[in-house]
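Single-structure report; data block below.
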Amino acid sequence: MSRKLLFLFLLLFNLSFAQEQLPLIPQPKSTLVGKGSYTITAKTTIHAAKNSFEANYLKELIKTQTGLDLMITSKNSSNSIQLIVKSPDTTVFNKEYYELISSPNKIVITAFSNQGIFYGIQTLSQLISLQKSSEIQVPCVTIVDQPHYAWRGMHLDCARHFFPKEFIKKYIDYLAMYKMNTFHWHLTDDQGWRIEIKKYPKLTEIGAYRNGSMVGHYSDQKFDNNRYGGFYTQDDIKEIVAYANQRHITVVPEIEMPGHAVAALAAYPQYSCTGGPFEVGKIWGVLDDVFCPKDETFTFLENILSEVIDLFPSKYIHIGGDECPKVRWKACTKCQQRMKTENLKDEHELQSYFIQRIEKFVNAKGRKIIGWDEILEGGLAPNAAVMSWRGTEGGIAAAKEKHYVVMSPGSHCYFDHYQGEPKNEPIAFGGYTPVEKVYSFNPTPKELFADEAQYILGAQANLWTEYIETPSHVEYMIFPRMLALSEVVWGTSNPDKFPDFQNRMIQHFAIFDKKGINYSKSIYQITTKVKPSISGNGILFELKSANNSSGIRYTTDGSSPSLSSNLYSNPIEITKGQTLKAALFENDTQKSATIEQRFYWSNAVGKKITLVHSPHEKYNTGGAFTLVDGIIGNRSKFGRDWLGFSGKDLNATIDLGKSETINKVILCVLESQGSWIYFPKKIEVLLSNDGQNFESVAQLNSSQIKEVKGEVVLEVASKKAQYVKVIATNLGKIQEGNPGAGSEAWLFVDEIGVE
Ligand code: ACM
Ligand code: ZN
């Protein structure tokens with residue numbers, strides 16, 4: 001077989017021989033491990049074209065990793081690492097393609113572009129040990145590789161918290177290490193405007209600073225009054241864009257409109273509906289004041305976008321488009337007039353008009369817009385790409401309409417969610433997205449036919465920073481989850497082989513340690529899972545650690561676990577209210593934090609439960625069973641314990657297995673208005689003995705639910721029944737004057753107790 005054919009063969013058939021031994025992430029398309037190794041010494045040269053950025057990058061990388069300072073030469077030499085850019089080949093042309101062949105006497109990286117060479121270098125860097133030494137062995141391999149998806153993105157919110165230029169460069173370096181190619185830079189929001197615009201200096205003089213921030217979780221409603229802010233000058237931005245460009249990363253700026261605009265309106269209130277005055281947002285969530293779609297506002301935004309487009313060479317400009325409350329528009333004569341003259345039937349069509357008008361401007365400048373999936377509402381702009389975040393449905397709908405899509409659903413791609421047991425984690429937005437969940441993501445939904453699937457550009461993870469104040473915390477949230485995403489978008493992930501991925505991933509922790517990167521070791525903590533017991537009597541509590549589950553010890557009497565406590569082997573059966581504590585021990589020392597789980601007990605725990613409506617995929621970690629698992633949802637860290645319904649009711653039926661005397665039914669509901677989570681309108685309990693005919697026995701209205709702060713007890717007065725139905729009626733469309741007005745409310749519920 002000719003060499004060219006061999007490569008084609010390797011690429012097409014995704015061959016991988018013995019590659020498990022190499023801790024490469026993302027896993028290359030094909031890897032053949034040969035015999036022996038190449039030795040890099042001080043005499044090794046880097047052979048590349050003159051002034052090659054990549055050659056210098058490789059030189060620096062080898063110097064940092066090993067201490068060896070190699071010479072770069074444009075002359076061929078026998079003992080060298082060669083970087084060869086060859087002219088496009090018709091059989092396999094992809095500018096991100098590369099081959100890496102290391103043999104006993106040389107290493108050759110070949111590609112069709114400097115970008116391909118750059119990826120070859122990243123792979124080589126993972127093959128080179130981190131040990132300082134005068135002789136470095138590189139195993140003999142033949143790697144043929146190229147990515148599946150064109151958009152391999154990471155987002156960073158610099159509005160809620162500001163991160164200095166130096167850290168943005170580090171962030172870009174982190175993306176480069178894992179062959180990510182798109183940095184989505186969220187630069188403007190209610191709580192801060194972070195990009196210098198020459199024509200409108202007040203955007204940063206006023207809009208870049210706020211006089212206080214939230215302390216703790218949104219649900220605590222606490223604030224400080226410290227002035228907070230910062231912004232990037234246009235020179236900073238040019239420097240960052242150039243830095244990213246050298247590393248083959250496209251920076252896509254996001255300038256939010258028409259919502260998330262309060263920082264801009266604090267500086268220029270004339271572009272709002274009411275005229276203000278406004279102050280830069282101190283509270284997280286979604287604020288009601290948004291840009292007013294009058295002509296002056298479009299001139300303002302177009303002038304801003306002109307400067308943005310001059311600074312960022314990206315094909316796409318992100319214009320936001322998400323979470324735009326319509327209350328101001330409904331009350332504004334200018335908005336209502338605009339709807340009349342443009343023949344728009346409602347405010348959603350007005351939002352669509354807004355986005356389409358901005359799209360025309362951006363297209364005229366030779367660029368395209370991308371926006372969050374709300375831009376589908378009221379009609380999608382003709383050339384717009386969609387970033388699907390509320391789920392994958394928006395992305396599916398857009399692809400079916402032949403629009404390009406970047407998948408970024410909250411369920412798998414929101415890195416502001418918890419990655420480990422929420423109790424052990426720093427405070428986060430909510431949700432539960434451990435690395436295994438990220439690794440299981442498939443950016444191309446099954447619902448799409450092949451001709452539609454081609455519109456899926458790729459996927460990206462989003463890092464919103466309400467609860468992330470420092471660079472080191474940013475690192476903690478993206479590492480190691482970004483490694484899982486990098487393999488997903490490279491197209492070589494296999495959820496069935498998560499243990500293999502995890503094994504490779506753990507080997508990268510040494511790289512992070514060496515580079516001083518902060519990362520989450522949550523996989524080593526004890527993670528827990530509650531399951532129905534087989535007997536139907538109680539529940540099973542499963543404990544796990546990526547480290548070594550065989551060293552877990554636990555207590556059930558409230559005492560701290562120690563080396564003499566029970567050794568965990570199989571899931572623990574829980575049949576009464578109790579507190580369980582556990583920790584991992586190895587070589588006589590405690591290796592994990594102690595976890596503590598209190599189990600609540602009622603007749604409902606572990607019983608069969610069915611739901612009429614499914615919870616939203618984002619907040620459905622344990623399914624219906626979550627409601628009878630004996631664990632009461634944590635109200636400030638609403639990660640995995642809660643089920644979230646978007647616009648839908650909770651309608652649950654529990655089968656107690658036999659007729660029981662019931663005195664009361666308990667339900668926990670949550671409210672966090674800034675996150676559009678509202679108490680239900682009504683909670684009703686119905687009982688039945690045959691599972692068919694239900695009798696309504698108790699109900700509470702919304703003011704009664706508010707009074708008890710969501711810890712709802714419905715008195716039933718000693719009735720006998722086998723089946724208990726609990727209906728919590730979703731608030732539905734959020735009323736005017738409240739956060740999220742006009743959108744569907746979220747209903748968050750947990751544990752149903754039957755006592
Ligand atoms: C978003 O998370 N609001 C796009
Ligand atoms: Zn208006």
Side-chain angles (χ1 to χ4, degrees), residues 153 155-157 159-160 184-191 218 252 254-261 265 268-276 278 281 284-298 300-301 318-342 344 347 350-351 353-354 357 370-377 386-392 394-395 406-417 428-431 433 459-468 616 618-619 646 674-676 739-740 743 746:
H155 152 287
L156 182 64
D157 168 13
R160 275 49 176 267
H184 172 171
W185 199 2
H186 186 76
L187 286 164
T188 74
D189 215 301
D190 297 312
Q191 297 80 8
Y218 181 92
V252 175
E254 180 179 355
I255 306 296
E256 272 266 22
M257 62 189 78
H260 288 287
L265 295 177
Y268 295 95
Q270 61 268 45
Y271 305 120
S272 70
C273 291
T274 64
F278 307 104
W284 313 137
V286 178
L287 307 187
D288 283 340
D289 288 290
V290 303
F291 288 121
C292 176
K294 51 196 171 190
D295 288 337
E296 310 89 276
T297 307
F298 286 106
F300 173 68
L301 290 172
H318 203 302
I319 49 73
D322 60 320
E323 299 178 321
C324 179
K326 309 292 189 296
V327 299
R328 296 292 181 259
W329 291 359
K330 284 195 169 134
C332 169
T333 48
K334 290 217 158 99
C335 287
Q336 295 303 312
Q337 189 53 43
R338 172 75 78 192
M339 284 164 60
K340 274 207 189 83
T341 50
E342 297 292 336
L344 306 170
E347 286 74 17
L350 183 57
Q351 149 123 352
Y353 166 84
F354 196 116
R357 187 156 159 179
I370 182 163
W372 302 109
D373 56 59
E374 286 93 331
I375 68 170
L376 280 151
E377 293 165 6
V386 169
M387 197 167 264
S388 193
W389 73 279
R390 290 179 298 175
T392 51
V406 175
M407 284 295 187
S408 194
S411 53
H412 296 78
C413 296
Y414 268 46
F415 287 4
D416 57 342
H417 289 187
F429 180 82
T433 309
Q460 122 178 347
N462 297 332
L463 193 63
W464 302 101
T465 59
E466 287 92 336
Y467 305 105
I468 303 170
H616 190 279
K618 206 160 145 182
Y619 302 106
S646 175
S675 308
W676 305 5
S743 297
W746 284 92

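Counting from 1, the numbers follow the sequence of the chain as shown. As the structure lists them, so they are numbered: ligands from 1, and atoms in each ligand from 1.
For Arg338 and Tyr353, the positive end is not near the middle of the six-membered ring at less than 6.0 Å and at most 45° from its axis.
Every residue two or more places apart in sequence or in another chain that forms a side-chain hydrogen bond (donor to acceptor under 3.5 Å, both in side chains) with Asp289 is listed here: Arg328. Under the ring-ring contact (aromatic ring centres under 6.0 Å, His included) criterion, Tyr271 pairs with Phe300, not counting sequence neighbours.
Shown in contact with Trp464 at under 4.0 Å from a heavy atom are these atoms of ligand 1, numbered in order with element: 1 (C), 2 (O), 4 (C).
The side chain to side chain contact (heavy atoms under 4.5 Å, CB included) test with Glu323 singles out one residue from Glu256, Arg390, Glu374, and that residue is Glu374.
Close N/O approach between Asp322 and ligand 1 is found [any backbone or side-chain N/O within under 3.5 Å]. Note: an N/O pair closer than 3.5 Å links Glu323 and ligand 1 by distance alone. Of the polar atoms of Tyr414, at least one N or O is found under 3.5 Å from an N or O of ligand 1, judged by distance alone.
Rounded to the nearest 10 degrees, the angle SG (Cys335) to the Zn ion (ligand 2) to SG (Cys273) equals 110°.
Taking the six-membered ring for Trp and the full ring otherwise, His184 and Trp372 have centroids separated by under 6.0 Å.
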